[in-house]
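The chains referred to below are lettered A, B, ... by the order of the sequence lines, with proteins before strands, and numbering in each begins at 1.
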2 protein chains.
Amino acid sequence: MSLPFGPYHAVIADDHAVVRDGLRAILESIGEVEIVGEAENGLEAISLAKEKKPALLTLDAAMPLARGMEVFVEVRRWSPETRIIVVTGFTAKGHLADWIAADVDGLFLKSCKPDEMRRGFELILNGGAYVSKSVLSILEQESKIPSLTSRERQVLHLIAEGLNNGEIAERLSVSAKTVDNHRTNMMSKLDVHSIAQLIAYALKEGILDQSQQL
Amino acid sequence: MSLPFGPYHAVIADDHAVVRDGLRAILESIGEVEIVGEAENGLEAISLAKEKKPALLTLDAAMPLARGMEVFVEVRRWSPETRIIVVTGFTAKGHLADWIAADVDGLFLKSCKPDEMRRGFELILNGGAYVSKSVLSILEQESKIPSLTSRERQVLHLIAEGLNNGEIAERLSVSAKTVDNHRTNMMSKLDVHSIAQLIAYALKEGILDQSQQL
DNA sequence: TTCTGAATGAGGAAAGTCCCTCATTCCATA
DNA sequence: TATGGAATGAGGGACTTTCCTCATTCAGAA
């Protein structure tokens with residue numbers, strides 16, 4: 001496949017050199033793509049994208065210094081022409097749904113076959129959007145887990161940061177009793193019986209990512 | 001550099017295809033190495049290593065179905081000749097120290113420069129052991145965080161699984177009061193003030209890995 | 001309009017956490 | 001041999017979580 005309006009400038013953002021190399025190989029196998037920079041943390045990714053305004057940015061969802069979503073928002077603001085492709089290791093439905101909702105141009109799991117990635121990247125460079133099959137199959141699964149309301153997610157986030165009911169109540173300007181009710185409802189929805197298990201759930205859902213904590 | 005007794009058979013184990021590709025490129029850049037298999041989960045890694053008894057196994061620390069450490073133990077048992085190189089995304093001191101204690105042949109972060117990895121792999125194939133500089137610098141840092149005793153880590157593990165003091169006590173055949181003491185000691189050592197924060201710490205330390213929970 | 005779901009708030013009881021203190025045993029090592 | 005660290009166990013008090021019930025408000029959908 002040859003692309004119409006190349007060469008396209010691309011930036012790769014991932015904190016793992018070995019992953020950057022894998023992505024570099026895929027991008028280089030597409031004609032008309034020139035890699036103009038690599039970032040190994042979130043802030044570097046933001047400044048590199050602002051500076052180079054590349055046609056394509058491959059973005060890791062979990063990086064040090066700035067989270068993938070923060071990078072995404074910044075790059076969209078300062079370089080709206082850049083096609084942003086998220087490559088994530090998290091397979092949680094909620095996490096993937098967040099990226100779809102953010103209207104990312106491409107969404108792939110790190111476990112994706114390089115072949116599918118390459119074809120997806122080409123489609124995206126041609127102006128399309130592409131979400132990998134593995135992501136779609138996760139999103140299409142009817143989850144047995146009832147989904148949480150946005151307020152509940154908000155509370156879950158703060159619980160996971162180590163705040164107790166009273167502190168969360170203050171932060172959200174509601175009563176501690178309300179926070180307690182949200183927590184209780186979540187635990188009953190999710191069929192867990194302790195804060196520890198609730199946090200384990202939050203992690204699995206990618207609501208927390210382990211590099212950001214403490 | 002050319003290696004004396006090649007060709008060496010190698011197996012790559014990592015759940016992310018893009019990482020496998022990066023490692024494959026590094027291994028292929030070493031003469032005398034032939035990749036005889038790839039595994040995308042822990043059980044596959046164990047059975048592949050048992051079957052092929054490769055000279056070299058690159059092992060991801062966090063994979064579905066069986067954790068890196070379980071794979072390591074099994075492969076050491078069934079194919080003691082295999083040189084095992086762990087490539088991990090976790091940068092927590094405790095996690096890295098665990099691998100050193102397990103006497104792994106090589107230990108690298110995923111953020112390692114491919115060049116250093118290649119040179120390290122060559123040394124290991126020559127019969128040596130190699131721990132990457134970035135790992136050493138983490139291990140050498142005097143951590144302000146006092147380290148936990150093994151019993152405390154054990155308790156932390158069970159807390160993180162969502163068990164309460166009583167359940168943990170039963171599991172370890174000690175009194176609930178003892179468990180409570182261990183938990184209290186840890187929280188004071190680590191200067192955290194809730195189970196939620198304790199779990200956040202456990203995650204950061206790689207004591208839990210998010211794919212195993214719930 | 002009625003009904004449902006979401007967010008808010010409260011009361012109350014049982015259980016568990018959190019954080020002191022103190023004591024005993026064992027083991028390593030200075 | 002003495003000192004200290006680790007594991008064990010206990011008492012007790014303050015606070016928090018956990019889990020019920022119930023009620024109000026509001027928005028959107030049937």
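- The CD atom of A:E170 sits 12 Å away from the P atom of D:dT16 (whole-angstrom rounding).
- With rounding to whole Å, B:H182 atom NE2 is found 5 Å from D:dA7 atom C1'.
- A:S175 and A:T178 share a side-chain donor-acceptor pair at under 3.5 Å.
- Classification of A:D14 and A:K110 as a salt-bridged pair holds, one side-chain N sitting under 4.0 Å from a carboxylate O.
- Within the structure, every pair that satisfies the ring-ring contact (aromatic ring centres under 6.0 Å, His included) test and touches residues 56-83 of chain A, not counting sequence neighbours, is listed here: A:F72-A:W99.
- Taking a cutoff of 4.0 Å between a charged side-chain nitrogen and a carboxylate oxygen, A:E152 and A:R183 do not qualify as a salt bridge.
- Summarising the geometry, the separation between CD on B:E167 and C1' on C:dA15 is reported as 12 Å, rounded to the nearest angstrom.
- The distance from atom CZ of A:R153 to atom P of C:dA6 is 13 Å, rounded to the nearest whole Å.
- Regarding A:I159, its CD1 atom lies at a distance of 13 Å from the C1' atom of D:dT16, rounded to whole Å.
- Axis deviation across the helix from C:dT1-D:dA30 to C:dA30-D:dT1 amounts to 40°, comparing end segments of five pairs, rounded to 10 degrees.
- One can place CG of A:L172 at 15 Å from C1' of C:dA6, the figure rounded to the nearest angstrom.
- Note: A:F121 and A:F108 meet the aromatic proximity criterion, with ring centroids under 6.0 Å apart.
- Backbone-only contact: A:S175 has heavy atoms under 4.0 Å from sugar-phosphate atoms and none from a base.
- One can place CG of A:D191 at 14 Å from P of D:dT18, the figure rounded to the nearest angstrom.
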Please tabulate, one pair per line, each protein N/O and nucleotide N/O from nucleotides 26-28 of chain D that are separated by under 3.5 Å, including the distance.
none

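- Distance alone, capped at 3.5 Å, places no donor-acceptor pair between the B:R83 side chain and the B:L125 backbone.
- Residues B:Y130 and B:E122 bring no donor and acceptor atom of their side chains to less than 3.5 Å of each other.
- B:N181 is linked by a side-chain hydrogen bond (donor to acceptor under 3.5 Å, both in side chains) to nothing, counting only residues two or more places apart in sequence or in another chain.
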Quiz: residues 165-174 of chain B side-chain donor-acceptor pairs under 3.5 angstrom, not counting sequence neighbours:
residue: B:E167; atom: OE1; partner: B:N164; partner atom: N; Å: 2.9

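- The residues B:D60 and B:R67 are annotated as not salt-bridged, no charged nitrogen and carboxylate oxygen being separated by less than 4.0 angstrom.
- The NZ-C1' distance, from B:K189 to D:dA7, rounds to 11 Å in whole Å.
- Electrostatic pairing of B:K113 and A:D21 does not count as a salt bridge here, judged by no charged N lying under 4.0 Å from a carboxylate O.
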What does nucleotides 16-24 of chain C look like as a protein-contact string, B for base, S for sugar-phosphate only, - for none, at under 4.0 angstrom between heavy atoms? SSBB-----
